[in-house]
Amino acid sequence: MKTTYIGAVQSGDHDGEQVTLKGWVKRSRGNNNLRFIVLRDSTGTIQCVVKRDAVGDDAFTALSEALIESSLELVGEVKVDERAQGGHEIGVSSGQVIGGVNPERPFPITESAMTSADGGETEFLLDHRHLYLRTSRMTTMLQIRSSVFGAIHGYFRDLDFVEYQAPNFVAGAVEGGSTLFEVPYFGKKAYLTQSWQLYAEAAMPALERLYTIAPSFRAEKSRTRRHLTEFWHAEMELAWATNDEIMSHGEGVVRRIAKTLLDERSDELASLDRDLDLVARYADNPYPRMRYDEAVETLQGMGIDIEWGQDLDYSKEKVLTADFDVPHFLTHYPKVAKPFYHRVDPEDDAYVLCHDLLAPEGYGEIIGGGERTWSEEEILARIDEENVPREPYQFYIDTRAYGGVPHGGFGLGVDRVVSWLSGADHIREVIPFPRDSRRVTP
RNA sequence: GCCGAUUUAGCUUAGCUGGUGGAGCGUGGGACUGUUAAUCCCAAGGUCGUGGGUUCGAGCCCCACAAUCGGCGCCA
C-alpha cells in the first residue's frame with residue numbers, strides 16, 4: 001500500500017522529507033535533461049522534477065516517455081518552491097513506471113475534450129465514462145456525492161432511525177404502471193422497484209422510525225437535466241407523524257446536507273465555481289410552506305394559464321420558484337392530482353396531506369412525501385375510487401387491518417440534491433455511470 | 001411520444017455565392033537545463049454519419065434513415 005498522499009505533501013506535512021509518491025501522470029513537459037511531471041493521486045497534484053543527472057539515463061528516459069495517465073512510483077525530497085503550483089515540489093531521486101500507456105492508444109480524454117465539455121457532457125465523454133471518472137471535475141463530484149450520502153445517514157442515525165432494506169424485484173407499481181421496468185422472472189413477470197415506500201410501510205409498525213438510501217428505477221423517456229432511469233432514492237417512514245412533522249424532517253435532512261458540504265467540501269465546491277454563500281443560505285434558513293391553492297393563485301396572478309386541480313408541471317415550478325431564495329414546500333394538493341396512498345385531508349376532502357419540496361435556481365422538485373392513507377376502510381375506498389386493482393396491493397392493505405396508525409414519509413432524489421447543491425448543469429454529472437432512456441453503457 | 005438542433009482526423013473545430021478540406025490538442029521525430037494547458041520546427045492521420053437525388057462538379061442544395069444533444073410531457 002502507499003503511505004504518503006499528495007494532499008498531505010501540499011499541506012506541508014512532509015517538508016524536507018524523503019517521500020515515496022504513487023500516482024498517475026496528469027501532465028508532463030521538459031527537455032533532454034530536465035522533466036516536470038505533474039503527478040496526480042486521489043488527494044491532489046504535485047510537480048515532480050526529474051533531472052537526468054539525479055536519476056540516471058535509464059530512469060530519465062523511462063519517466064520522460066511516460067504518457068498521460070501512466071502510473072508511477074517516485075522517490076524524492078519534498079521542497080517548498082513558489083514556482084510550483086501548490087507551493088511544493090518533489091526533487092526526484094529515483095522512480096519507475098508501474099503501468100505504462102501505449103503511444104498507439106494514448107489516454108483519450110484530452111484537454112480539448114474537457115474544455116469543450118465545459119461542465120456539460122459530450123457523447124464522447126459519456127462513452128468514455130470509465131476514463132472520464134479520473135478527471136478532476138468528476139473526482140470532485142464523486143467526493144461531494146459521498147459527503148451527501150454520509151450526511152443523510154448521519155441525520156437519520158442521530159435520530160435513532162433504523163436503516164431498512166426493501167426488495168428491488170417487485171410485483172406491482174407505486175407510481176403509474178407505464179414507467180415500470182419489466183424483467184423476466186422464472187417464467188413470470190417482475191418489475192424493478194420504483195420506491196421503497198410500500199415495503200417500508202409494512203415495517204413501520206415494527207420499527208416506527210426507518211429510512212433507506214437505495215436505487216429506484218423508472219422507465220420514463222424523460223430527456224431532461226433532472227431525470228435518470230436509475231436514481232438514488234433516500235426515503236424515510238415515520239409512525240404517528242403528521243404532514244408537518246414529515247416536512248420538518250425533509251427540511252432537516254436537506255439543511256444537514258448543505259451544512260455537511262460546507263464543512264467537508266468547501267474547497268471542492270469552490271473548484272466547481274459554486275457560490276458558497278448560496279449553499280450557506282440553504283443550510284441556515286427555514287424553508288417556507290405554501291399551500292397548493294396559494295401557488296395556483298400566485299401563478300394565475302402572474303398570468304400563467306393554470307386551472308385548479310392540475311398538477312404543477314416543471315414549466316409551472318420553474319416560474320413559481322424563480323423568486324425563491326431557499327427551497328419551498330408546496331402542500332395540500334388536490335386529491336385528483338395524487339395517487340391513492342396519500343391521506344385525504346380530514347378538514348377538506350378535496351385535498352390530500354402531502355408535500356413537495358422545490359429547490360430554487362431552477363432545479364425543481366427534490367422531495368415528495370406526506371401522510372399515508374392509514375385506515376383499512378379508507379385505503380380500500382381510495383383504491384376503488386381510482387380503479388386500482390386490489391390484488392397486487394393485498395399485503396399493503398393487510399398492514400392496515402392490524403392496528404393501523406397515522407404515519408407518513410418522504411422520498412428524496414439524492415442525485416437531484418447533489419446536482420442542485422454542486423451547481424451542476426445536468427444530473428448526469430453527479431453520478432458515476434448515468435442511465436437514461438438512451439444509455440446503459442458503459 | 002412530441003418539438004428543435006447537430007453529425008468534417010483519436011478529441012475539439014474552421015470551411016465563403018457549390019469549384020482539388022484547414023487548424024488546435026493528442027501521437028511520432030527533432031531543438032531547448034525551471035517548465036506552469038511550456039515553447040519552436042517537422043511528420044503521419046480524412047471514403048466530410050448512412051443511402052439516394054439535383055448538378056459538368058456536392059462537406060455545402062434536396063429527400064429518407066440513423067445516431068447524438070437540448071427542451072417538453074411524467075416525476076425524485
Side-chain angles (χ1 to χ4, degrees), chain A residues 26-38 45 47-54 60 65 67-69 79 81-86 89 91 101-118 120-128 131-132 174-176 178-179 194-197 213-235 250 310-318 337-339 356-359 363-369 410-420 425-428 436-439:
Chain A
K26 183 179 173 65
R27 225 176 293 289
S28 178
R29 51 184 171 260
N31 56 47
N32 277 330
N33 298 296
L34 175 66
R35 178 145 294 259
F36 300 94
I37 295 173
V38 179
T45 61
Q47 173 164 286
C48 303
V49 184
V50 186
K51 293 180 175 170
R52 185 185 288 275
D53 297 347
F60 184 83
E65 289 177 350
L67 296 182
I68 288 174
E69 288 307 310
K79 297 174 181 173
D81 195 315
E82 287 183 358
R83 291 173 294 184
Q85 283 198 351
E89 68 177 23
V101 172
N102 185 342
E104 290 175 12
R105 290 185 296 115
F107 191 66
I109 315 294
T110 60
E111 204 68 44
S112 57
M114 287 289 294
T115 52
S116 70
D118 195 26
E121 315 270 298
T122 61
E123 180 188 3
F124 177 78
L125 291 178
L126 289 166
D127 285 342
H128 293 80
L131 301 177
Y132 186 41
V174 176
E175 308 293 342
S178 62
T179 62
Q194 299 184 302
S195 167
W196 161 94
Q197 180 194 325
I213 307 178
S216 284
F217 306 89
R218 297 196 184 164
E220 294 161 350
K221 289 183 179 171
S222 307
R223 303 190 40 70
T224 81
R225 60 189 60 197
R226 305 178 306 284
H227 284 85
L228 296 166
T229 51
E230 175 180 356
F231 68 97
W232 284 81
H233 212 173
E235 298 182 81
Q310 275 185 287
D311 207 349
L312 298 178
D313 60 42
Y314 180 66
S315 64
K316 314 285 192 308
E317 274 183 21
K318 200 161 53 180
K338 292 288 178 180
D356 286 350
L357 181 63
L358 306 181
Y363 285 92
E365 186 178 342
I366 51 175
I367 280 181
F410 66 75
L412 175 150
V414 182
D415 317 278
R416 283 189 178 177
V417 170
V418 179
S419 180
W420 162 52
D425 292 330
H426 200 296
I427 197 167
R428 269 198 310 248
D436 61 34
S437 61
R438 297 191 191 180
R439 179 178 289 278

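Convention: sequence-line order gives letters A, B, ...; per-chain numbering from 1. Please read all numbers here as calculations on a predicted model, not as lab measurements. Reckoned from all heavy atoms, side chains included, excluding hydrogens, waters and symmetry mates.
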Chemist: Does any nucleotide pair with U6(B) by Watson-Crick or G-U wobble geometry, both distances under 3.5 Å, and what is it?
Modeler: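 A67(B) - that is the nucleotide pairing with U6(B), both distances being under 3.5 Å.
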
Chemist: Determine the contact category for S315(A): base if any of its heavy atoms lies under 4.0 Å from a base atom, sugar-phosphate if only primed atoms, P, OP1 or OP2 are that close, otherwise nothing.
Modeler: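 Here S315(A) touches the backbone only, sparing every base.
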
Chemist: Base, sugar-phosphate, or nothing for L228(A), non-hydrogen atoms under 4.0 angstrom?
Modeler: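 Here L228(A) touches the bases of the nucleic acid.
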
Chemist: Indicate, yes or no, whether a donor-acceptor pair under 3.5 Å links the base of U35(B) to the side chain of Q47(A).
Modeler: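 Result: at least one qualifying N/O pair found.
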
Chemist: Using the side-chain heavy atoms of R223(A), tell me which of these nucleotides is nearest: C74(B), G70(B), U35(B).
Modeler: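 Shortest atom-to-atom distance from the side chain points to G70(B).
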
Chemist: Determine which nucleotide pairs with A23(B), using a 3.5 Å limit on both distances of a Watson-Crick or G-U wobble pair.
Modeler: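 Because both required distances fall under 3.5 Å, A23(B) counts as paired with U12(B).
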
Chemist: Measure from the side-chain N and O atoms of D415(A) to the backbone N and O of V418(A), and report whether any donor-acceptor pair falls under 3.5 Å.
Modeler: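 Not confirmed, D415(A) side chain does not pair with V418(A) backbone.
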
Chemist: Which part of the nucleic acid, if any, lies within contact of F36(A), taking any heavy atom under 4.0 Å across all strands shown: a base, the sugar-phosphate backbone alone, or nothing?
Modeler: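 Base, at least one base heavy atom under 4.0 Å.
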
Chemist: Does K51(A) come within less than 4.0 Å of D53(A), counting only side-chain N to carboxylate O?
Modeler: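 No, K51(A) and D53(A) are not salt-bridged.
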
Chemist: Does R226(A) reach the main-chain N or O of R416(A) with its side chain, forming a donor-acceptor pair under 3.5 Å?
Modeler: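 Looks like no, no N/O pair under 3.5 Å.
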
Chemist: Choose from G10(B), C72(B), U27(B) the nucleotide whose nearest atom is closest to any side-chain atom of F124(A).
Modeler: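 When the side chain of F124(A) is considered, G10(B) is the closest of G10(B), C72(B), U27(B).
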
Chemist: Determine: side-chain N/O of R438(A) to OP1/OP2 of A67(B), distance under 4.0 Å, yes or no.
Modeler: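 For A67(B), OP1/OP2 do not have a side-chain N/O of R438(A) under 4.0 Å.
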
Chemist: Using OP1 and OP2 only, check whether a side-chain N or O of R428(A) sits under 4.0 Å from G70(B).
Modeler: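 The answer is yes; a side-chain N or O of R428(A) sits under 4.0 Å from OP1 or OP2.
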
Chemist: Which is true for P106(A) with a 4.0 Å heavy-atom rule: it touches a base, it touches only sugar-phosphate, or it touches nothing?
Modeler: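 Since only primed, P, OP1 and OP2 atoms lie under 4.0 Å of P106(A), the category is sugar-phosphate.
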
Chemist: Using a 4.0 Å heavy-atom cut-off, does I68(A) contact any base of the nucleic acid, only the sugar-phosphate backbone, or nothing at all?
Modeler: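 If one applies the 4.0 Å heavy-atom cut-off, I68(A) turns out to touch nothing in the nucleic acid.
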
Chemist: Between P on G70(B) and CD on E123(A), what's the gap in Å once rounded to a whole number?
Modeler: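 Roughly 11 Å, once rounded to whole Å.
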
Chemist: Is G57(B) paired to anything, Watson-Crick or G-U wobble with both distances less than 3.5 Å, and if yes, which nucleotide?
Modeler: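 The base-pairing partner of G57(B), which may sit in any strand shown, does not exist here.
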
Chemist: Could you tell me how far apart L131(A) (CG) and C11(B) (P) are, to the nearest whole angstrom?
Modeler: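 Between P of C11(B) and CG of L131(A): 14 Å.
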
Chemist: Just checking D356(A): base, sugar-phosphate only, or nothing, at a heavy-atom cut-off of under 4.0 Å?
Modeler: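 Nothing: the residue D356(A), judged by heavy atoms under 4.0 Å, touches no strand.
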
Chemist: Within the pair H233(A) and C75(B), is there a side-chain N or O less than 4.0 Å away from OP1 or OP2?
Modeler: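 No, no such contact exists.
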
Chemist: Determine whether W420(A) and I366(A) make a side-chain contact, defined as any pair of heavy atoms from C-beta on separated by less than 4.5 Å.
Modeler: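 Touching, per the 4.5 Å side-chain cut-off.
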
Chemist: Hunt down the Watson-Crick or G-U wobble partner of C40(B), both distances under 3.5 Å, from any strand shown, or write none.
Modeler: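 Because both required distances fall under 3.5 Å, C40(B) counts as paired with G30(B).
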
Chemist: Just compare A76(B), C25(B), C75(B) and give me whichever is closest to any side-chain atom of R226(A).
Modeler: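 Nearest to the side chain of R226(A) among the choices is C75(B).
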
Chemist: Let's test your reading of the model: under 3.5 Å, does the base of C75(B) pair with the side chain of R416(A) as donor and acceptor?
Modeler: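 Donor-acceptor pair under 3.5 Å: yes.
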
Chemist: Using a heavy-atom cut-off of 4.0 Å across all strands, would you classify E365(A) as base, sugar-phosphate, or nothing?
Modeler: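 Result for E365(A) = sugar-phosphate.
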
Chemist: Please give, in whole Å, the distance from G30(B) C1' to N31(A) CG?
Modeler: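 After rounding, the reported distance stands at 13 Å.
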
Chemist: From the set A31(B), C72(B), G34(B), return the single nucleotide nearest to any side-chain atom of K51(A).
Modeler: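 It is G34(B).
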
Chemist: Picking from C74(B), C25(B), U12(B), which would you name as closest to the side chain of D313(A)?
Modeler: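 When the side chain of D313(A) is considered, C74(B) is the closest of C74(B), C25(B), U12(B).
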
Chemist: Counting distance alone, no hydrogens or angles: does the base of G28(B) have a donor or acceptor under 3.5 Å from a partner atom on the side chain of E65(A)?
Modeler: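 For E65(A), whose side chain was compared with the base of G28(B), there is no donor-acceptor pair (under 3.5 Å).
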
Chemist: So which nucleotide from C32(B), U27(B), C25(B) ends up closest to the side chain of T110(A)?
Modeler: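 Nucleotide nearest to T110(A)'s side chain: C25(B).
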
Chemist: Between U68(B), C32(B), U33(B), which nucleotide gets closest to the side-chain atoms of D53(A)?
Modeler: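 The answer is U33(B), which lies nearest to the side chain.
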
Chemist: Could you identify the nucleotide paired to A76(B), looking across every strand shown and requiring Watson-Crick or G-U wobble geometry with both distances under 3.5 Å?
Modeler: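 No nucleotide pairs with A76(B).
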
Chemist: Can you tell me which nucleotide in U33(B), G70(B), U35(B) comes closest to the side chain of R225(A)?
Modeler: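 For R225(A), the side-chain atoms sit closest to G70(B).
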
Chemist: It should be established whether R27(A) places a side-chain nitrogen or oxygen under 4.0 Å from OP1 or OP2 of nucleotide A37(B).
Modeler: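 No.
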
Chemist: Could you state the atom-to-atom distance from NE2 of H426(A) to P of U68(B) in whole Å?
Modeler: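 The answer, rounded to whole Å, is 14 Å.
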
Chemist: So, D127(A) and R439(A), do they make that salt bridge, N to O below 4.0 Å?
Modeler: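 Looking at D127(A) and R439(A), the cut-off is met.
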
Chemist: Describe the nucleic acid contact of E89(A) in one word from base, sugar-phosphate, nothing, applying a heavy-atom distance below 4.0 Å.
Modeler: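 E89(A): base contact, heavy atoms under 4.0 Å.
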
Chemist: Suppose we define a pair by two distances each less than 3.5 Å, Watson-Crick or G-U wobble; what does U47(B) pair with here?
Modeler: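 For U47(B), the partner nucleotide comes out as none, under the 3.5 Å rule.
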
Chemist: Counting side-chain heavy atoms from C-beta on, which of G34(B), U12(B), G28(B) comes nearest to P103(A)?
Modeler: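 Nearest to the side chain of P103(A) among the choices is G28(B).
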
Chemist: From C-beta outward on R218(A), which listed nucleotide comes closest to its side chain: G28(B), A37(B), C75(B)?
Modeler: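 For R218(A), the side-chain atoms sit closest to C75(B).
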
Chemist: I'd like to check, for F231(A), whether its ring lies over the base of A76(B) with centroids under 5.5 Å apart and a plane angle smaller than 30°.
Modeler: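 The base of A76(B) is stacked with F231(A) (centres under 5.5 Å, planes under 30°).
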
